[in-house]
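Excluded from the calculations below are hydrogen atoms, water molecules and symmetry mates; all remaining heavy atoms, backbone and side chain alike, are included. Lettering follows sequence order; numbering is per chain, from 1.
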There are 2 protein chains.
Amino acid sequence: MSLRILLADDHQMFRHALRALLARDPELEVVAEAASGEEVLAIADAQPVDLVCMDIAMPGMDGIEATRRLLARHPALRVIGLSAFADRQFVTDLLAAGARGYITKGEAGDELLRAIRTVCEGRSYLCPEVAATVADALRDSPGVYAAAPRLTARERQVLQLIAEGLTSVQIGDRLHIAASTVEVHRRNLMRKLDLHNVAELTRYAIHSGISPNVTPGGAG
Amino acid sequence: MSLRILLADDHQMFRHALRALLARDPELEVVAEAASGEEVLAIADAQPVDLVCMDIAMPGMDGIEATRRLLARHPALRVIGLSAFADRQFVTDLLAAGARGYITKGEAGDELLRAIRTVCEGRSYLCPEVAATVADALRDSPGVYAAAPRLTARERQVLQLIAEGLTSVQIGDRLHIAASTVEVHRRNLMRKLDLHNVAELTRYAIHSGISPNVTPGGAG
DNA sequence: TTCGCACTACCGGTAAACCGGTAGTCCAAA
DNA sequence: TTTGGACTACCGGTTTACCGGTAGTGCGAA
């Protein structure tokens with residue numbers, strides 16, 4: 001019996017590469033691809049899926065919120081998170097959302113295959129770097145861990161757009177909310193993360209993987 | 001006859017890792033380490049060095065400017081550039097400064113050993129990703145290439161500090177110049193790169209490798 | 001039901017970014 | 001010698017970021 005897999009990542013090339021990688025195991029069948037959290041939910045509602053390989057950095061609804069909603073509707077689903085870096089905040093958030101595995105894109109492809117097999121057996125799998133991150137988070141006193149700055153879905157969405165260079169007015173237009181509301185989210189982000197300007201927010205967004213590390217496009 | 005190597009990178013851990021890597025070849029002897037461009041010049045003036053492994057992202061004088069000045073004083077020296085990404089601008093700038101090799105940190109360690117051996121034989125060595133970048137730069141018409149936005153040493157320095165979240169006043173204090181002068185460099189950067197806010201400058205700095213991709217420090 | 005949280009939205013204010021211009025010195029290349 | 005680039009520095013202005021507060025709605029948990 002093959003495993004029906006949904007690939008969720010905003011980069012088509014990466015999805016194709018993953019598809020090629022997973023093709024090495026005849027037991028694994030990629031039945032669909034999604035480029036955003038909204039697409040993931042729509043596809044999972046429309047056809048049977050066993051496992052989702054979910055990038056946390058996607059435009060619109062990100063991987064964390066998508067995982068939360070996905071598992072609320074389809075509790076039997078298994079989710080494996082993917083991101084460029086093992087940021088403590090996003091690792092713990094995604095695991096709290098119900099993901100069974102988490103590996104960084106820096107790992108070898110075999111790591112993903114191992115994660116899929118392990119997760120299918122009902123166990124969890126974290127790549128070494130992520131495992132160390134989680135261990136660090138737990139070691140730094142459970143109290144602090146519980147009180148750690150947890151970003152809301154809206155805050156992550158705003159953070160993503162700030163890191164793309166949009167102004168509060170532009171973000172408001174994009175999300176169909178007032179610019180003043182965007183400013184509130186911006187201030188809450190800075191307070192929670194103890195960062196105080198756009199440059200630091202952008203660095204955090206890129207490092208945490210919520211925003212892809214690509215060259216900005218310029219005005220053209 | 002062993003090869004006297006100088007390692008230049010602002011991260012001690014990376015220098016140590018490189019040292020361990022190079023120790024696998026008994027012909028290679030790491031005779032010194034530097035954490036900035038200024039240190040590289042001082043060391044090369046004080047003791048004989050055959051080859052420099054130079055990170056382009058260093059605080060103060062970066063690897064490009066350091067390579068330019070280094071080769072002006074010691075033309076027989078060989079320089080191999082290292083960076084996190086194969087940004088077109090910085091690759092071409094470093095090669096124009098006289099570097100004989102360029103590899104990204106994403107490559108395996110064997111790639112660096114191969115580069116060192118090749119460069120010592122008097123030939124140039126570029127890792128595949130960098131080679132492709134250079135090819136692209138040349139293919140996109142020599143005219144455009146010549147007219148490409150070339151950043152000055154001072155501009156790269158200012159860009160680095162902008163990406164760290166410093167204000168123009170703070171950057172001016174750090175570099176011992178007026179804040180108004182920093183604003184000029186900032187505007188020239190934005191004009192040359194066709195970017196128009198701190199977020200995009202920060203993305204560019206991180207992606208190009210001039211600024212390390214680390215989590216911002218908070219107010220601490 | 002009450003409480004907390006997320007999300008929404010506004011007020012006012014200061015600091016900084018962003019945009020345009022002019023202008024001097026220094027140095028190296030033409 | 002002249003020209004051009006890099007670096008320095010200032011003038012003016014508008015927009016946005018940043019910081020502090022208040023406040024209403026809806027929703028889910030205690």
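- Sequence order on DNA chain D of the closest nucleotides to B:Ala153 and B:Ala179 puts B:Ala153 first from the 5' end.
- Distance A:Glu200 CD to D:dC18 C1': 13 Å, rounded to the nearest Å.
- A straight line from CD of A:Gln170 to P of D:dT15 spans 14 Å, rounded to a whole angstrom.
- Phosphate proximity of C:dT8 to A:Thr181: absent, as no side-chain N or O sits under 4.0 Å from OP1 or OP2.
- Ion pair A:Lys192/A:Glu155 flagged as a salt bridge, since at least one NZ, NE, NH1 or NH2 atom sits closer than 4.0 Å to an Asp/Glu carboxylate oxygen.
- Between A:Arg191 atom CZ and C:dC5 atom P the separation is 11 Å, expressed in whole Å.
- Taking atom CD of A:Glu155 as the reference point, atom P of C:dC5 lies 13 Å away to the nearest angstrom.
- Residue whose closest nucleotide on DNA chain C sits further toward the 5' end, between A:Leu175 and B:Asn197: A:Leu175.
- Interface remark: the A:Arg187 side chain does form a donor-acceptor pair with the D:dG21 base, using a distance-only criterion of under 3.5 Å.
- Per the geometry, CD1 belonging to A:Ile171 stands 15 Å off C1' belonging to D:dT15, to the nearest Å.
- A:Ser168 and A:Arg186 share a donor-acceptor pair across their side chains, judged by distance under 3.5 Å alone.
- When the side-chain nitrogen and oxygen atoms of A:Arg154 are compared with OP1 and OP2 of C:dT8, one or more of them lie within a distance under 4.0 Å.
- Contact annotation: the side chain of A:Leu193 approaches that of A:Leu151 to within less than 4.5 Å [non-hydrogen atoms, C-beta and beyond].
- Residue-level contact check: B:Val198 touches the backbone only, with heavy atoms under 4.0 Å from sugar-phosphate atoms and none from bases.
- A salt bridge links B:Arg4 with B:Asp50: at least one charged nitrogen is closer than 4.0 Å to a carboxylate oxygen.
- Listed pair B:Ser168 / C:dA17 meets the phosphate criterion, a side-chain N or O lying under 4.0 Å from OP1 or OP2.
- OP1 or OP2 of C:dA6 has not a single side-chain nitrogen or oxygen of A:His185 nearer than 4.0 Å.
- Residue B:Thr167 is classed as a sugar-phosphate contact, given heavy-atom separations below 4.0 Å to backbone atoms only.
- Of the charged side-chain nitrogens involved, at least one lies within less than 4.0 Å of a carboxylate oxygen, so that B:Glu65 and B:Arg68 count as a salt-bridged pair.
- For the pair A:Glu183 CD and C:dC7 C1', the interatomic distance rounds to 16 Å; values are reported in whole Å.
- Considering only side-chain atoms of B:Met190, the nucleotide from D:dA17, C:dC18, C:dC7 that sits closest is C:dC18.
- Put simply, CG on A:Asn188 is 12 Å from P on D:dC19, counting in whole angstrom units.
- Residue contacts shown for B:Thr152 are limited to sugar-phosphate atoms, with no base heavy atom under 4.0 Å away.
- Atom pair B:Arg68:CZ and D:dA6:P shows a separation of 10 Å (rounding to whole Å applied).
- Considering only side-chain atoms of B:Ile177, the nucleotide from C:dC10, D:dA9, C:dA17 that sits closest is D:dA9.
- Taking the side chain as every heavy atom from C-beta outward, A:Val182 and A:Ile177 approach each other to under 4.5 Å.
- Closest to the side chain of A:Ser180, out of C:dA9, D:dC18, C:dC18, is C:dA9.
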